[in-house]
Amino acid sequence: MNLREYAANSKQAVKLALSGLNGLTSKYVYELSDALLDVISQIEVNIDYPDEDIEEMTYSKLEESLENIRIKIRKLLSTADTGRIVREGLKVSIVGKPNVGKSSLMNALMGENRAIVTDIPGTTRDTIEESITIKNIPIILTDTAGIHATDDIIEQIGIEKSKESFNRSDLIIFVVDGSRTLEKEDREIIDHIGDRKVIVLLNKQDKGSVTTASEISQLIPQAVILESALLEGKGVEDLANAVEEMVYGGQVSQSENLLVTNVRHKNLLDEGERCMVDALGMAEMRQPLEFIEIDVNRCYEALGEIIGETAADIIDKVFERFCLGK
């Protein structure tokens, strides 16, 4: 079974990348902006209308409001890496020593015989790159030459390209011949993986299970470990689910998820968070409200650039909320 049965064209991802904000994310930013307007209006009233019959803005209440807003901005910023993946594509490299099933996996993912599959080690001598979609996640998939020691100059070039692809990847799929013990080449790849995100496919389970998941987990603690028999089409669906889990962390599907895909929006949110941190620091030191208001206003302006609100809304909000002068 191949992943074309699990993935349609990623029209959602393209629309999301072009628009910069999906519906839920836009709503979330509007709510943040409204929360900031509430804080600003309360500060304004306490500064400019101290004689009005209004609730006093205490520093403890102000700190609580500012911290809640900062936490929500941070929550949105935490989606930026996933947003980049949606925008640019998840860079995935298939690595492993020769003749472990890398090309079989590539063909299973592509749904066609894109890569040559033989029992001869070193058949793939160059990297093969393709674009596919897994669970609505755009993937830039690279099948690499088997990493091993060789005197063949052409193979050496392919292996160097494999290492370059390895270093650029967001996610490594490490294919291991599970029917045999780990060899020197396997262990060299494991050393190179370090603490990177990795899915280990213990392939050739139809031929027996010698290298076990527990052995791999001791060597690569962060790895997601799956069993497969790629020539029989087994393990591909589990791989699709694992990729989705690693990108979204078990959250709901992309169309319903908070997601920042626009670099400019990320920078504006970064600025907003910095302003909240500064405002909180001054509130904790009991600085004058006028000073705190400057940073809260800057945060509001940063979010306003994302959704198109302006400082003029602040005045309207103050009078709307407190009915001043009546």
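Ion pairing between E271 and R298 fails under the 4.0 Å rule for side-chain N and carboxylate O.
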I'd like to know whether V100 forms a side-chain contact (heavy atoms from CB on, under 4.5 Å) with N203, so could you lay out the CA-CA distance, the side-chain angles of the two residues, the decisive distance to 0.1 Å, and finally the verdict. CA-CA 7 Å; V100 293; N203 193 29; 5.8 Å; no
Just do the salt bridge (Lys or Arg N to Asp or Glu O under 4.0 Å) check on R70 and E67 with the steps written out, would you? CA-CA 5 Å; R70 187 200 66 76; E67 178 63 8; 3.0 Å; yes
side-chain contact (heavy atoms from CB on, under 4.5 Å), that's the test. Do L201 and L105 meet it? Break it down for me. CA-CA 10 Å; L201 277 186; L105 176 59; 3.7 Å; yes
Mind running salt bridge (Lys or Arg N to Asp or Glu O under 4.0 Å) on K266 and D270 for me, showing each step along the way? CA-CA 6 Å; K266 178 184 181 300; D270 277 328; 3.0 Å; yes
Would you sort out whether E183 and K97 count as a side-chain contact (heavy atoms from CB on, under 4.5 Å), showing the intermediate values? CA-CA 9 Å; E183 298 179 350; K97 69 185 181 185; 3.0 Å; yes
Dump the intermediate steps for side-chain contact (heavy atoms from CB on, under 4.5 Å) on T142 and V92, then the final yes or no. CA-CA 6 Å; T142 304; V92 178; over 6 Å; no
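Nearest heavy-atom pair across M246 and V198 is CE-N, 4.0 Å. In terms of heavy-atom proximity, C299 sits nearest to G272 at SG-O, 3.5 Å. Of all heavy-atom pairs between Q287 and Y59, the closest is O-OH, 2.5 Å. Residue A242 comes nearest to V224 through the heavy atom pair CB-CG1, 4.2 Å, listed as atom of the first residue, atom of the second, then distance. Smallest separation of non-hydrogen atoms from L62 and A283: CD2-CB, 4.4 Å. Between V200 and A223 the shortest heavy-atom distance is CG2-CB, 3.8 Å.
N297 CG to I294 CD1: the interatomic distance, rounded to the nearest 0.5 Å, is 8.5 Å. Taking CZ of F174 as the start and CD1 of I220 as the end, the distance is 5.5 Å to the nearest 0.5 Å. One finds the OH atom of Y300 at 4.0 Å from the CG atom of L37 (value rounded to the nearest 0.5 Å). One finds the CG atom of L239 at 12.0 Å from the CD atom of E244 (value rounded to the nearest 0.5 Å). Rounded to the nearest 0.5 angstrom, L269 CG and I306 CD1 are separated by 4.0 Å. The CG atom of D238 sits 13.5 Å away from the CD1 atom of I225 when rounded to the nearest 0.5 Å.
Other residues, nucleotides and ligands place more than 12 heavy atoms under 6.0 Å from the CZ atom of R74.
With sequence neighbours excluded, the residues that form a side chain to side chain donor-acceptor pair (under 3.5 Å) with S179 are D177. By the side chain to side chain donor-acceptor pair (under 3.5 Å) test, Q222 is found to be paired with no residue, residues two or more places apart in sequence or in another chain being considered. In terms of the side chain to side chain contact (heavy atoms under 4.5 Å, CB included) criterion, P221 has no residue partners (sequence neighbours excluded).
The shortest side-chain heavy-atom distance between K27 and E31 falls under the 4.5 Å cut-off. Between L76 and V29 there is a side-chain heavy-atom pair separated by less than 4.5 Å. Put simply, the side chain of L230 does not reach to within 4.5 Å of the side chain of M106, judged on heavy atoms. By the 4.5 Å heavy-atom criterion applied to side chains, I139 and T133 are not counted as neighbours. Put simply, the side chain of D170 does not reach to within 4.5 Å of the side chain of K197, judged on heavy atoms. Annotation: side chain of K75 is not in contact with side chain of I71 (no heavy-atom distance under 4.5 Å). The side-chain heavy atoms of L32 and I73, taken from C-beta on, include a pair separated by under 4.5 Å. Residues L303 and L268 are not in side-chain contact: their nearest non-hydrogen atoms beyond the backbone lie 4.5 Å or more apart.
Under the 4.5 Å side-chain contact rule for hydrophobic residues, L182 and I193 share a cluster. By the rule that hydrophobic residues join a cluster once side-chain heavy atoms approach within less than 4.5 Å of another member, F291 and V277 end up as members of separate clusters. Linking Ile, Leu, Val, Met, Phe, Trp and Tyr whenever their side-chain heavy atoms come within less than 4.5 Å puts V296 and Y30 in one cluster. Both L66 and L289 sit in one connected hydrophobic cluster of ILVMFWY residues. Membership requires side-chain heavy atoms under 4.5 Å apart, directly or through other members. Put simply, V176 and V210 are part of two different groups of oily side chains (I, L, V, M, F, W, Y) that touch within less than 4.5 Å, one to the next.
Side-chain N or O atoms of T211 include one that pairs as donor or acceptor with a backbone N or O of R180 at under 3.5 Å. Although no hydrogens or angles enter the test, the distance criterion places a donor-acceptor pair under 3.5 Å between the side chain of T58 and the main chain of K61.
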